[in-house]
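Read the structure below first, then the notes.
Side chains included, hydrogens not; waters and symmetry mates left out as well; all remaining heavy atoms used.
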Amino acid sequence: TVKTYLKSGIDSVAQTLSFDSLLCSSQSCKKYWVFNTGNDTLTIQSMQLTGVNASSFGPITPSSIRKIAPKDSFAYTICFTPLVGGSLSATLKIFSDDSIKTNPAITTLTGRKDSADFLFAPGLLMIGDVCIGNRTCLPITFQNIGTIADTITSITLNSGSGAFAVTSPIPPIPVAVGGAADRKST
């Protein structure tokens, strides 16, 4: 829980709301508390997410104008649903009827998405002419450019004729972060 203190306006800025690391298509939501420690009603007019990764954070609910009575608080919900892997951040701007302090108040949102992302090389295998009864082996490389280790559990070729096969090694094939797995295709 993160607290931003308000005195009929924003009193504290540069707070950070951090989300735990997520895998794959996970989502994490947290409460973001706004406190009015002043003697006047505070009106939160709007909240805006900005920055390169802003689309990975939100929605903020409720999104309607909110009045917070003196000495009271209100909890907003902010979700982190990362669209890309790695460390992500955005800026939350809180606009209010504050006439005393900096407006908007700024909060940094941070989160991380861990994933195993594979590159396949070469993208196209050119086998060329092969005589009946013979075979040609070509290397295929799967490189893990993600942030966590993963295991290749199966490999499927769409050759249509059944004339092609992955010959070695057979899955499961563990691949470390930054690692590669070389296979042979015939």
Side-chain angles (χ1 to χ4, degrees), residues 1-38 40-121 142-153 174-181:
T1 302
V2 173
K3 298 178 182 179
T4 296
Y5 294 93
L6 309 166
K7 294 180 183 174
S8 64
I10 306 298
D11 187 30
S12 176
V13 295
Q15 297 283 329
T16 300
L17 178 61
S18 296
F19 292 85
D20 298 329
S21 292
L22 299 178
L23 293 174
C24 302
S25 60
S26 301
Q27 181 183 63
S28 175
C29 296
K30 289 192 172 189
K31 297 288 184 186
Y32 182 85
W33 287 91
V34 178
F35 290 82
N36 181 358
T37 60
D40 296 324
T41 298
L42 174 70
T43 302
I44 302 299
Q45 297 161 333
S46 66
M47 292 188 173
Q48 179 185 34
L49 291 167
T50 62
V52 175
N53 305 122
S55 59
S56 290
F57 296 88
I60 301 170
T61 55
S63 60
S64 59
I65 294 173
R66 178 68 50 189
K67 293 187 179 293
I68 303 173
K71 311 292 185 218
D72 202 358
S73 61
F74 185 78
Y76 290 88
T77 299
I78 302 174
C79 294
F80 175 53
T81 309
L83 303 176
V84 296
S87 294
L88 308 174
S89 66
T91 300
L92 172 62
K93 295 181 179 180
I94 305 168
F95 296 89
S96 70
D97 62 353
D98 179 7
S99 61
I100 301 169
K101 302 291 181 180
T102 303
N103 194 3
I106 305 292
T107 299
T108 301
L109 306 176
T110 62
R112 179 171 179 80
K113 176 184 177 185
D114 290 318
S115 63
D117 296 315
F118 288 96
L119 286 179
F120 170 74
F142 298 92
Q143 183 178 8
N144 184 354
I145 59 169
T147 56
I148 60 171
D150 204 355
T151 300
I152 298 171
T153 57
V175 185
V177 174

Within a strict 4.5 Å, meaning less than it, do heavy atoms of the Lys93 and Ile106 side chains meet?
yes

Are any side-chain N or O atoms of Asn36 and backbone N or O atoms of Ile68, one a donor and one an acceptor, separated by less than 3.5 Å?
yes

Using modelled atom types and a 3.5 Å cut-off, is there a donor and acceptor pairing between side-chain atoms of Ser56 and backbone atoms of Leu83?
yes

For Phe74, which residues count as a ring pair (Phe, Tyr, Trp, His ring centres under 6.0 Å) partner, sequence neighbours excluded?
Tyr76

Taking it one step at a time, do Lys113 and Val84 satisfy side-chain contact (heavy atoms from CB on, under 4.5 Å)?
CA-CA 7 Å; Lys113 176 184 177 185; Val84 296; over 6 Å; no

Working to the nearest 0.5 angstrom, can you tell me the gap between [X] [atom1] and [Y] [atom2]?
X: Ser28; Y: Phe80; atom1: OG; atom2: CZ; result: 8.0 Å
X: Ser96; Y: Arg66; atom1: OG; atom2: CZ; result: 15.0 Å
X: Lys30; Y: Ile78; atom1: NZ; atom2: CD1; result: 10.5 Å

Can you give me the closest heavy-atom contact between [X] and [Y], atom names plus distance?
X: Ser18; Y: Thr110; value: OG-OG1, 2.8 Å
X: Asn53; Y: Ser89; value: CB-O, 3.2 Å
X: Phe35; Y: Ser73; value: CD2-CB, 3.4 Å
X: Arg112; Y: Ser87; value: NH1-OG, 3.0 Å
X: Ala54; Y: Ala90; value: CA-CB, 3.8 Å
X: Leu88; Y: Pro82; value: CD1-CB, 3.6 Å

Step by step, would you call Ile152 with Asp150 a side-chain contact (heavy atoms from CB on, under 4.5 Å)?
CA-CA 7 Å; Ile152 298 171; Asp150 204 355; over 6 Å; no

Run the side-chain contact (heavy atoms from CB on, under 4.5 Å) check on Ile60 and Tyr32 step by step: do they pass?
CA-CA 9 Å; Ile60 301 170; Tyr32 182 85; over 6 Å; no

One pair to check against side-chain contact (heavy atoms from CB on, under 4.5 Å): Asp97 and Asp40. What are the steps and the verdict?
CA-CA 11 Å; Asp97 62 353; Asp40 296 324; over 6 Å; no

Kindly write out the residues that satisfy side chain to side chain donor-acceptor pair (under 3.5 Å) with Thr77, not counting sequence neighbours, or none if the list is empty.
Lys31

